[in-house]
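Okay, structure first, notes after.
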Amino acid sequence: MKLSEIPKIIHTIPYYKKEQLGWYFFTRIRKILPIRLWFNKANIPLMKMDKERLKRYQQYAKLWAEVEENIHPILDKILKGAVMYAGETIPLECLLQKQNISISPLAMYGIHSFEFLWHLCLAYLQSPNNKYAEFAKLWIKNWIKSNPIGKTVGWDPYPTSYRIRYWCLAIYLWKWNDKEILDSLAIQTKWLSKSIEYHLKANHVIQNLAGIIISSATFFPELLPKFLNELEKEVKEQILEDGGHYERCPMYHLHVLIDLLMVMAVLNNPPEYLKGAVSKMTCFLQNMTLSDGEIPLFGDSTFGHFPQPKKILTVALKYNAPSISPELQNARTSFPLTGYYLIKPNHSKPMVELVIRAGAFGPDYQLAHAHCDQLSYELLIQGQRVIVDSGIHGYAKSPYREFQRSTRAHNTVYVTGEEQLEYWGTFRVARRGKSEVLYWEEYNGEPLFVGRFKYYTGTSHTRLLYMLRGQGMLCWDWIHTKNNRTVESLIHLHPNLIPEFTNSFLLINHDKINLCIHPIGQETIEILSGIRDPMQGWYSEQFGNAVPNSVLVLKKKVKDKNISMGYWISFNADKTNIPKGAIKQWVEDIGKKINI
């Protein structure tokens, strides 16, 4: 621990729940005690295979085998002894080692999760071949021999939560009656049941419970009632009424939805709380899937780490989750509890789509996947990303981690020396500001959003986003802060887009994209890309991948504690005339409505 982190620790601890801190100390103490000696064959749960539930589980896997059409490139790599996870190539030999410092902790979790076994099962369901079963059994037995109880990273709750559920499927699919494998499955299930990550809470606990429930429902029924009750508590807390997951991170919404779908699949009669949660989460995902078929990249979100939304929706809709409700097909859709506001395409040309981030960062006691992205947005035109979030390159060991959590990595304003979150470490957050939505209505027949963010330092930022579909979009900011600060309004462009600065405005022409950005009220304008120090202009839409992208930085110095500035985006660069008179009237009128 660094001395500089002590004040941050002091500001972080009050946000944790008391029981969370208790579980944290328990987890630490447990690591140095020989608790693993209790987990032996004399203390494993009684095995009773439920073939009906296993058959349902296989049917669920078969659905995925139908959806995952192009699995062979992944399979070829696996059969050659390596897997891809979180942007890293990991040799299967890592399963035989206690630690491998050349790959990230996330990748180590990935290999020990046995996700490659899931792909082998899907490949077998697509085209039966005994070599998949033989390969799988070889590596399962290798893992058992090389990973004594509780002594390697493979026994951490996260990878165990996935490994046991994939082993259950493989045992049934390939009719294994191997005592060594069955005994290991029983010990791992019991170990996980005593290792739930209550100190972390959030998505980790749902993943732990899903693993235990799938294993106990199919092989160890004595454990099932207790953990179904535990899952009910977590689902009621974590799945919000508007259907979003309470960590407010689109990628982790996918993560949790897949876990709950798998639980639903193995149960003969899923409880109502589970069906209701999956239904709401499915509706949320239908709305949050943008016109390019992907999720927004807010928070710790990236493409490709989980199946595409359309694939998840295909499977979800087979489990009685309703199709999108008519009232959510409006051009202006919001999820205020989760903190997302969307303007969907209508019949105007070009087809424009906007998603705005404004609301809670997540549960106060767990902001591991939150970014400084309040009042930021992503803009798509004709189904192509134009103005983008910076995404996420990786977690521990990633050189981009600190930058991509920062305010400067998002399409909002940055006040010199201030962050929306006092983030530290890989996943920690100390002090944090608060966002509120002031206006989300039609204004002159067009959608208008106004939100305000109050920094923990006292600085205040109010943002107006006004969309005139078929014409353009106004972004206007009012900032109240200390004198002599510099305020930067940031616009991160997709890497395919190269702006051209001409006569005080910026032209962007690429394929179907034909834009003009008119800065208003700034003192200086910069275009940055691929800068290392201080870091700026890096885009990561997949784990392990960072490419330079152009960032427009519109700057203004604070002189009397209050400044305002903005920009107009014309959706047709051939029409370079900016409606200055109308913008002045809009800003004055809306400013009065919100008491600016």
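- Side-chain contact between Val205 and Leu231 is absent, with no heavy-atom pair separated by less than 4.5 Å.
- Interatomic distance, Leu438 CG to Arg452 CZ, rounded to the nearest 0.5 Å: 5.0 Å.
- Of the candidates Phe284, Tyr246, Tyr340, Phe335 forms a ring-ring contact (aromatic ring centres under 6.0 Å, His included) with just one, namely Phe284.
- For the pairing with Glu422, the salt bridge (Lys or Arg N to Asp or Glu O under 4.0 Å) check across Lys8, Arg405, Arg431, Arg428 returns one residue only, Arg431.
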message: Assess the residue pair Lys592 and Glu588 against the criterion (salt bridge (charged side-chain N to carboxylate O under 4.0 Å, His left out)); give the C-alpha distance rounded to whole Å, side-chain angles, the decisive distance to 0.1 Å, and a yes or no.
response: CA-CA 6 Å; Lys592 288 177 183 177; Glu588 288 179 359; 5.7 Å; no
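- Ring-plane geometry between His369 and Tyr395 is classed as tilted, the angle between the planes lying from 30 to 60 degrees on a 0 to 90 degree scale.
- Counting only N and O atoms by type, the side chains of Asn545 and Ser540 include no donor and acceptor under 3.5 Å apart.
- More than 12 heavy atoms of other residues, nucleotides or ligands sit less than 6.0 Å from atom CD of Glu19.
- To the nearest 0.5 angstrom, Gln382 atom CD is 5.5 Å from Met351 atom CE.
- No donor-acceptor distance shorter than 3.5 angstrom exists from the side chain of Gln471 to the backbone of Phe571, with no hydrogens or angles considered.
- Among His410, Arg408, Gln536, the single residue meeting the side-chain contact (heavy atoms from CB on, under 4.5 Å) criterion with His492 is Gln536.
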task: Test Lys482 against Val558 for side chain to side chain contact (heavy atoms under 4.5 Å, CB included), laying out the working first.
output: CA-CA 7 Å; Lys482 296 176 182 177; Val558 179; over 6 Å; no
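- The two residues Leu240 and Lys280 come nearest to each other via the heavy atoms O-NZ, 3.8 Å.
- The main-chain N or O of Tyr443 is found under 3.5 Å from a side-chain atom of Tyr466 such that the two form a donor-acceptor pair.
- Between the Thr289 side chain and the Leu285 main chain, a donor and an acceptor come within less than 3.5 Å of each other.
- Closest of all the heavy-atom pairs between Trp478 and Gly591 is CZ2-CA, 4.2 Å.
- For the residue pair Glu418/Thr457, the side-chain donor-acceptor check at 3.5 Å is satisfied.
- At distances below 3.5 Å, not a single donor-acceptor pair connects side-chain atoms of Asn562 with backbone N or O atoms of His480.
- Thr412 places a side-chain N or O within donor-acceptor distance of the main-chain N or O of Gln374, the cut-off being under 3.5 Å.
- Of all heavy-atom pairs between Val551 and Gly537, the closest is CG2-CA, 3.6 Å.
- With contacts defined as side-chain heavy-atom distances shorter than 4.5 Å, the pair Asp292/Leu380 qualifies.
- For Arg248 (side chain) and Leu337 (main-chain N/O), a donor-acceptor pair under 3.5 Å exists by modelled atom type.
- Checked by atom type, the side-chain pair Thr407/Gln420 shows no donor-acceptor distance below 3.5 Å.
- Between Glu442 and Leu448 there is no side-chain heavy-atom pair separated by less than 4.5 Å.
- Ion pairing between a basic and an acidic side chain is recognised when a charged N comes within 4.0 Å of a carboxylate O; Lys201 and Glu197 show no such pairing.
- In this structure, the separation between OG on Ser504 and CD1 on Ile525 is 7.5 Å, given to the nearest 0.5 Å.
- In this structure, Arg532 is positioned above the aromatic face of Trp538, its NZ or CZ under 6.0 Å from the six-membered ring centre and within 45° of the axis.
- Heavy atoms from other residues, nucleotides or ligands lying under 6.0 Å from OH of Tyr24 number 12 at most.
- With hydrogens and angles disregarded, a donor-acceptor distance shorter than 3.5 Å links the side chain of Glu378 to the backbone of Leu297.
- Between Tyr158 and His255, the two ring planes are perpendicular [angle over 60°; tilted spans 30° to 60°].
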task: Determine, step by step, whether Trp424 and Thr12 satisfy the side-chain hydrogen bond (donor to acceptor under 3.5 Å, both in side chains) criterion, reporting the C-alpha distance in whole Å, the side-chain angles of both residues, the deciding distance to 0.1 Å, and the verdict.
output: CA-CA 10 Å; Trp424 62 282; Thr12 301; 3.0 Å; yes
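- For the pair Arg332 and Trp440, the distance from NZ or CZ to the six-membered ring centre is under 6.0 Å and the angle to the ring normal is within 45 degrees.
- Other residues, nucleotides and ligands contribute only 12 or fewer heavy atoms inside 6.0 Å of the NZ atom of Lys454.
- Distance CD/Gln20 to CD1/Ile13: 11.0 Å, rounded to 0.5 Å.
- A 4.5 Å side-chain heavy-atom check between Asp242 and Pro336 finds at least one atom pair inside the cut-off.
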- request: Starting from the C-alpha separation in whole Å, work towards a yes-or-no answer on side chain to side chain contact (heavy atoms under 4.5 Å, CB included) for Cys249 and Ser301.
  value: CA-CA 7 Å; Cys249 178; Ser301 292; 3.5 Å; yes
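- Cation-pi geometry between Arg463 and Phe453 is not satisfied (NZ or CZ under 6.0 Å from the ring centre, within 45° of the ring normal).
- Taking the six-membered ring for Trp, His245 and Tyr252 have ring centres at least 6.0 Å apart.
- Remark: side-chain polar atoms of Ser104 are not paired, donor with acceptor, to backbone N or O of Lys397 under 3.5 angstrom.
- Under the 3.5 Å distance criterion, the side-chain polar atoms of Asn509 are left unmatched by any main-chain donor or acceptor of Asn514.
- A heavy-atom distance below 4.5 Å is not found between the side chains of Leu354 and Leu342.
- Contact between Leu375 and Ser435 at its shortest, heavy atoms only, is CD2-OG, 4.2 Å.
- At a threshold of 4.5 Å between non-hydrogen side-chain atoms, the residues Ile491 and Leu506 do not count as touching.
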query: Under the side chain to side chain contact (heavy atoms under 4.5 Å, CB included) criterion, do Thr282 and Leu261 qualify, and how do the steps go?
result: CA-CA 10 Å; Thr282 302; Leu261 277 170; 5.7 Å; no
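- Here the CG atom belonging to Asn572 is positioned 9.5 Å from the SG atom belonging to Cys516, to the nearest 0.5 angstrom.
- Shortest non-hydrogen contact noted between Arg401 and Phe427 is NH2-CD2, 3.5 Å.
- Both cation-pi conditions hold for Arg432 and Tyr15: the charged atom is under 6.0 angstrom from the six-membered ring centre and inside a 45 degree cone around its axis.
- To the nearest 0.5 Å, atom CZ of residue Phe303 and atom CD of residue Gln542 are 8.5 Å apart.
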field: Derivation of the side chain to side chain contact (heavy atoms under 4.5 Å, CB included) call for His510 and Ile498
entry: CA-CA 8 Å; His510 176 80; Ile498 307 299; over 6 Å; no
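- In terms of heavy-atom proximity, Gly244 sits nearest to Thr338 at CA-OG1, 3.3 Å.
- With a 4.5 Å cut-off on side-chain heavy atoms, Gln384 and His494 do not count as touching.
- Residues Tyr341 and Phe449 place their aromatic rings such that the two centres sit under 6.0 Å apart.
- Salt bridge status for Glu353 with Lys344: present, with a side-chain N to carboxylate O gap under 4.0 Å.
- Side chains of Cys475 and Asp477 form a contact here, defined as non-hydrogen atoms less than 4.5 Å apart.
- Using modelled atom types, one side-chain atom of Gln366 and one backbone atom of Leu200 make a donor-acceptor pair closer than 3.5 Å.
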